[in-house]
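The structure under discussion appears below in the form of structure tokens.
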Amino acid sequence: MDVVELHNRTVANFAELVSGVAVDQWSAPTPCSDWDVRALVNHVVGEERWVVPLMEGKTIAEVGDTLDGDLLGDDPAGAASSAAAEAAGAAALPVEKVHLSYGDEDPAEYLRQLAADHLIHGWDLAVAIGVPPRMEPELVTEVGTWFAQREELYRSVGVIGDHIDGYTEPADALIAASGRDPHWSPA
């Protein structure tokens with residue numbers, strides 16, 4: 001699958017899930033124990049807001065702290081929808097390298113990182129608000145294959161929790177590889 005398509009589909013799926021968050025669910029817990037629903041969505045919207053300047057070739061220093069803090073305001077779903085549209089539009093910009101916190105990266109690798117984050121955090125959001133996760137098999141295969149080659153690296157830097165063994169269904173296996181219990185529920 002084309003990496004821009006992969007990115008844009010996962011971004012669109014996440015934005016659609018955000019549009020379904022009920023008013024009383026923004027403070028609900030998520031599988032990411034440090035984040036409630038609002039903090040999780042703010043994290044992903046923050047990543048989406050970074051796509052435009054990074055795909056335009058800007059550095060983190062040039063962007064500065066303009067994307068820190070609450071990016072959702074009084075209209076979290078609207079903010080998420082707008083950020084998703086901007087990120088999707090910027091995904092195909094021609095840039096040789098993306099300047100990330102750990103160094104320069106290939107744009108396709110950066111977009112795959114974002115696709116993985118959107119897919120996995122989309123699962124987090126879905127189970128937190130009690131709707132079916134959008135784990136499309138084609139997206140799970142693409143992200144799962146990519147993630148399998150990087151799982152230990154992500155774990156070694158503390159980005160994901162311990163692998164949970166015993167899951168063979170592809171979506172559950174990806175969620176378990178990211179350190180989440182595929183049977184997690186807010187109860």
Side-chain angles (χ1 to χ4, degrees), residues 1-19 32 34-35 38-125 134-136 138-160 174 177-179:
M1 174 184 304
D2 173 75
V3 70
V4 173
E5 178 187 353
L6 172 67
H7 171 268
N8 290 355
R9 283 175 59 185
T10 61
V11 167
N13 283 346
F14 189 86
E16 287 176 26
L17 285 166
V18 174
S19 71
C32 302
D34 292 340
W35 292 337
R38 185 178 176 92
L40 172 73
V41 172
N42 192 67
H43 163 73
V44 174
V45 167
E47 288 192 341
E48 291 168 348
R49 292 289 184 205
W50 275 98
V51 174
V52 174
L54 293 177
M55 291 298 286
E56 289 175 342
K58 291 187 176 146
T59 65
I60 291 174
E62 289 172 322
V63 177
D65 62 1
T66 61
L67 299 174
D68 290 352
D70 179 24
L71 301 173
L72 303 181
D74 294 334
D75 181 14
S81 178
S82 173
E86 291 171 14
L93 290 175
V95 63
E96 287 190 30
K97 292 291 177 187
V98 179
H99 310 291
L100 301 177
S101 61
Y102 61 85
D104 289 350
E105 185 61 84
D106 180 74
E109 177 67 14
Y110 172 57
L111 293 176
R112 288 189 184 284
Q113 292 171 9
L114 292 171
D117 214 43
H118 278 82
L119 185 65
I120 292 168
H121 283 319
W123 179 87
D124 294 334
L125 180 58
R134 296 180 179 217
M135 301 296 282
E136 297 174 31
E138 188 176 30
L139 300 178
V140 169
T141 298
E142 286 286 327
V143 169
T145 300
W146 173 87
F147 187 74
Q149 299 169 6
R150 290 152 184 84
E151 180 182 348
E152 290 310 316
L153 171 66
Y154 277 80
R155 187 164 291 108
S156 72
V157 296
V159 178
I160 60 172
L174 175 61
S178 73

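Every salt bridge (Lys or Arg N to Asp or Glu O under 4.0 Å) that Glu138 has, sequence neighbours left out, goes to Arg9. Looking at residues two or more places apart in sequence or on another chain, you find a side chain to side chain donor-acceptor pair (under 3.5 Å) between Asn13 and Glu136. Among residues two or more places apart in sequence or in another chain, the ring-ring contact (aromatic ring centres under 6.0 Å, His included) test is passed with Trp50 by none. For Glu142, the salt bridge (Lys or Arg N to Asp or Glu O under 4.0 Å) partners at least two apart in sequence or on another chain are Arg112. A search for side chain to side chain donor-acceptor pair (under 3.5 Å) contacts involving Ser19 returns nothing, not counting sequence neighbours. A search for side chain to side chain donor-acceptor pair (under 3.5 Å) contacts involving Thr10 returns nothing, not counting sequence neighbours. Arg150 is linked by a salt bridge (Lys or Arg N to Asp or Glu O under 4.0 Å) to Glu109, counting only residues two or more places apart in sequence or in another chain. Scanning for ring-ring contact (aromatic ring centres under 6.0 Å, His included) contacts around His121 gives Trp35, His43, with sequence neighbours left out. In terms of the salt bridge (Lys or Arg N to Asp or Glu O under 4.0 Å) criterion, residue partners of Asp70 (sequence neighbours excluded) are, by chain and number, Arg38.
Here salt bridge (charged side-chain N to carboxylate O under 4.0 Å, His left out) pairs that include residues 114-123, with residues two or more places apart or in two chains, number zero. Within the structure, no pair that satisfies the ring pair (Phe, Tyr, Trp, His ring centres under 6.0 Å) test touches residues 51-106, not counting sequence neighbours. A salt bridge (charged side-chain N to carboxylate O under 4.0 Å, His left out) check over residues 95-107, counting only residues at least two apart or in different chains, returns nothing.
Here the options are Leu139, Val11, Asn8, the test is side chain to side chain contact (heavy atoms under 4.5 Å, CB included), and the partner is His118; only Val11 passes.
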